[in-house]
Amino acid sequence: MDITPIKSALDDEALTGTTITVAGWVRTFRNDRFIALNDGSTIRNLQCVIDQNAVDAATRARFTTSASVRCTGTLVPSQGSGQRVELQVADVAVLGDSDAEAYPIQPKKHSLEFLRENAHLRFRTNTYSAIFRIRHQVSFGIHEYFDSLGYCYFHSPVITASDAEGAGEMFRVSTLDVKRPPLTEGGDVDWKEDFFGAEARLTVSGQLQAENAATALGKVYTFGPTFRAENSNTTRHLAEFWMVEPEAAFLDLHGDMDLAEGLCKHLIARVLRNSLDDLKFLDARLKEEEATKPKEQRSELGLVDRLRFVLDNPFERITYDQAIDILLRSKPYQKKQFQFPVEWGVDLQSEHERYLVEKHFKKPVIVTGYPAGIKAFYMRVNSPGDFGYSEKGTTVAAMDVLFPGIGEIIGGSQREERLDVLEQRMDEMHVPKGELWWYLDTRRFGTVPHAGFGLGLERFVLFVTGMGNIRDVIPFPRTPKSAAF
RNA sequence: UCCCUGGUAGCUCAGCUGGUUAGAGCACAUGACUGUUAAUCAUGGGGUCGCUGGUUCAAGUCCAGCCCGGGGAGCCA
């Protein structure tokens with residue numbers, strides 16, 4: 001039996017007048033006659049009209065919220081005003097009952113907190129089904145973008161024996177007995193006895209391995225789960241998240257910025273093209289939510305308009321020096337409204353990034369040329385004439401893409417390809433060179449200028465969906481003290 | 001980890017300065033309904049007031065500790 005997706009039933013005008021079978025989950029059953037059926041193919045429901053003479057009362061009583069149902073009938077123009085077509089049901093089967101008393105999700109508005117606690121069922125709501133369809137569009141668009149530019153999808157390992165990547169605290173991977181681990185003569189845990197014969201951890205980044213690949217395959221990108229054991233309790237952090245990390249040989253900082261901006265725009269364009277129903281739903285939801293907020297906290301543009309605006313305008317590209325200048329001349333600085341100091345050499349705080357993006361430029365901003373002291377060892381040291389070079393101190397070819405409401409959505413850089421400079425920086429920052437010999441080999445044998453970045457998938461989905469909490473844009477969020485489901 | 005804030009019915013929330021039997025809307029159950037759009041109408045059931053201890057004649061309400069959620073900050077993507 002062919003099952004027609006509800007999306008096709010609603011959109012394909014050639015199906016009107018034909019007999020089709022649809023299958024999905026009941027959203028509501030009204031007037032003992034109308035099933036609003038959803039199968040996940042679209043946010044819209046198909047109205048299935050039951051003939052009460054043909055379907056007995058006992059069966060009709062089983063059309064409860066979230067029961068799974070299969071309906072066969074004729075697709076006809078609707079007599080009601082809420083939809084273009086509806087299904088005149090000739091045959092209906094309840095595939096799986098849903099006890100209305102026990103089922104937690106009701107046909108009403110629920111708080112996101114409650115739905116988060118029912119993460120296994122929240123996909124059945126309009127909001128979350130929209131989010132995860134959009135997440136799919138973004139994921140697929142990532143492959144589409146890099147493939148179209150000749151990038152090779154590269155699978156970096158999830159388990160690593162190196163903790164020198166410096167991107168954050170790592171989770172340990174071990175098969176040793178936690179209560180009685182083997183010990184060395186000195187009384188320490190003997191990791192040689194562990195599964196990998198060394199201390200192993202979950203990756204915090206595939207970048208270093210991607211650099212190995214880029215200096216052979218030319219252009220690569222990784223896309224997979226990444227793990228950080230930081231005790232971060234915010235709306236923008238997860239312990240397990242998905243990251244995209246392109247890395248390309250013969251690419252400089254400007255090319256890197258072009259690549260990052262191009263990716264963001266490609267993804268936004270794709271979502272606008274393929275997920276407009278879902279976006280419009282989230283847009284309306286957002287407006288409703290914002291109506292309860294004071295005027296100054298409301299955003300000027302709706303979700304769809306915001307996405308179009310980002311798509312249509314170039315990202316602002318400034319140096320760290322310029323960012324500091326703007327902040328020093330800003331009203332909040334002069335009125336002493338910033339909590340953290342603004343001076344050359346210290347990192348930009350959330351409040352500073354927010355000011356630049358949301359108040360000053362009112363669009364995405366790429367900041368380059370950060371002081372070397374606050375950035376990772378592998379970033380290229382700037383020389384006079386480089387964009388981002390500063391008279392005030394040593395800077396590196398870093399670039400952070402800052403988005404309104406979210407802050408840093410992409411962090412990247414041109415990499416230090418000069419072996420001597422790289423080794424000196426590793427010494428300064430106490431990065432163990434011995435452990436990273438395989439990484440340094442890229443600079444020993446045919447080193448080339450190259451660049452890349454990391455984009456947090458969930459942060460991007462957060463922006464595209466207009467959601468406020470990163471735990472709502474990943475199916476089963478892992479955060480400190482929480483790994484349920 | 002730090003700061004702020006909250007936890008009362010399945011959900012969303014009200015409950016004043018401590019004082020009868022802790023309320024509402026929605027949901028749910030039963031009944032009605034052949035054009036509904038989060039359908040509607042009638043009737044009904046439903047509570048360890050987060051946990052533990054304390055103050056008091058009396059605690060949902062006051063105090064202390066703990067647990068959990070939310071917002072913000074740091075770390076970052």
Side-chain angles (χ1 to χ4, degrees), chain A residues 27-36 44-55 57 60-61 64-65 76 78-83 86 88 98-118 125-126 165-169 204-207 223 225-245 260 297 338-340 347-354 374-376 400-403 406-412 453-463 468-474 479-482 484:
Chain A
R27 281 295 171 77
T28 64
F29 181 50
R30 286 186 293 265
N31 206 204
D32 205 27
R33 191 163 153 75
F34 303 99
I35 298 174
R44 290 167 291 155
N45 302 325
L46 178 66
Q47 172 153 288
C48 301
V49 187
I50 302 297
D51 180 350
Q52 286 157 320
N53 296 318
V55 180
R60 299 201 304 270
T64 54
T65 304
V76 297
S78 177
Q79 294 176 39
S81 58
Q83 53 281 318
E86 64 191 15
Q88 273 307 332
S98 172
D99 179 358
E101 206 159 359
Y103 183 66
I105 315 282
Q106 302 155 14
K108 60 167 273 190
K109 239 199 162 74
H110 285 289
S111 67
L112 296 175
E113 292 81 10
F114 172 73
L115 291 167
R116 228 169 272 152
E117 284 163 20
N118 291 280
T125 65
N126 285 332
E165 287 157 22
E169 290 295 310
V204 291
S205 165
Q207 182 198 316
F223 182 24
T226 305
F227 307 87
R228 302 274 165 93
E230 305 283 352
N231 190 13
S232 300
N233 293 288
T234 79
T235 53
R236 306 182 298 285
H237 292 263
L238 291 164
E240 176 185 304
F241 64 101
W242 283 62
M243 185 154 64
V244 187
E245 295 180 288
Q297 280 178 34
F338 285 138
Q339 201 190 327
F340 290 89
D347 208 356
L348 301 179
Q349 301 292 323
S350 281
E351 57 181 0
H352 305 142
E353 294 178 351
R354 280 209 134 90
I374 56 173
K375 287 290 178 182
D400 285 359
V401 180
L402 310 178
F403 263 46
I406 293 157
E408 187 180 340
I409 204 162
I410 286 176
F453 61 80
L455 173 128
L457 177 73
E458 287 77 16
R459 288 200 182 164
F460 194 83
V461 175
L462 214 46
F463 176 76
N469 192 320
I470 201 161
R471 290 161 207 182
D472 294 327
V473 299
I474 189 166
T479 54
K481 303 270 181 292
S482 169

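Lettering of chains follows the sequences in order, A, B, ..., and the numbering in each one begins at 1.
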Phosphate OP1/OP2 of [N]: any [X] side-chain N/O under 4.0 Å:
{"X": "A/N233", "N": "B/rG69", "value": "no"}
{"X": "A/T226", "N": "B/rA77", "value": "no"}
{"X": "A/T28", "N": "B/rA38", "value": "no"}
{"X": "A/T234", "N": "B/rG74", "value": "no"}
{"X": "A/R236", "N": "B/rA73", "value": "yes"}
{"X": "A/R116", "N": "B/rG70", "value": "yes"}

Rounded to whole angstrom units, what separation is found between the [atom1] atom of [X] and the [atom2] atom of [N]?
{"X": "A/K481", "N": "B/rG70", "atom1": "NZ", "atom2": "P", "result": "14 Å"}
{"X": "A/I105", "N": "B/rG10", "atom1": "CD1", "atom2": "P", "result": "15 Å"}
{"X": "A/L462", "N": "B/rC76", "atom1": "CG", "atom2": "C1'", "result": "14 Å"}
{"X": "A/L348", "N": "B/rG74", "atom1": "CG", "atom2": "C1'", "result": "15 Å"}

Applying the Watson-Crick and G-U criteria (both distances under 3.5 angstrom) with [ ] for crossing and | for other-strand pairs, one obtains for RNA chain B (((((((..((((.....[...)))).(((((.......))))).....(((((..]....))))))))))))....
With A/R27 as partner, the option from A/T125, A/T65, A/N126 fulfilling side chain to side chain donor-acceptor pair (under 3.5 Å) is A/N126
So CZ of A/F460 and CG of A/L462: to nearest 0.5 Å the spacing works out to 11.0 Å
Here the gap from A/R33 atom CZ to A/Q52 atom CD, rounded to the nearest 0.5 Å, amounts to 6.0 Å
Q. Would you say the base of B/rA38 and the side-chain of A/R27 have a donor-acceptor pair closer than 3.5 Å?
A. no
Worksheet item: Hey, does the side-chain of A/S232 have a donor or acceptor N/O within less than 3.5 Å of a partner on the base of B/rC76?
Response: no
Please confirm whether the backbone N or O of [Y] pairs with a side-chain atom of [X], one donor and one acceptor, at under 3.5 Å?
{"X": "A/D472", "Y": "A/G468", "result": "no"}
{"X": "A/E169", "Y": "A/E230", "result": "no"}
{"X": "A/R459", "Y": "A/R236", "result": "yes"}
{"X": "A/T28", "Y": "A/R30", "result": "no"}

*asked:* Let's go through A/H352 and A/F340 carefully: what are the C-alpha distance in whole Å and the side-chain angles of both, what is the deciding distance for ring-ring contact (aromatic ring centres under 6.0 Å, His included) to 0.1 Å, and is it a yes or a no?
replied: CA-CA 9 Å; A/H352 305 142; A/F340 290 89; 7.1 Å; no
Which is true for A/R354 with a 4.0 Å heavy-atom rule: it touches a base, it touches only sugar-phosphate, or it touches nothing? sugar-phosphate
Exercise. Taking atom types as modelled and ignoring hydrogens, do the side chains of A/Q47 and A/S78 form a donor-acceptor contact shorter than 3.5 angstrom?
Worked result: no
Protein-proximity profile, nucleotides 26-36 of chain B, B/S/- by nucleotide at the 4.0 Å heavy-atom cutoff, equals BSSS---BBBB
Considering only heavy side-chain atoms of A/M243, the closest of B/rA77, B/rC11, B/rC75 is B/rA77
Note: contacts of residues 454-461 of chain A with RNA chain B (heavy atom, under 4.0 Å) are A/G454, A/G456, A/R459
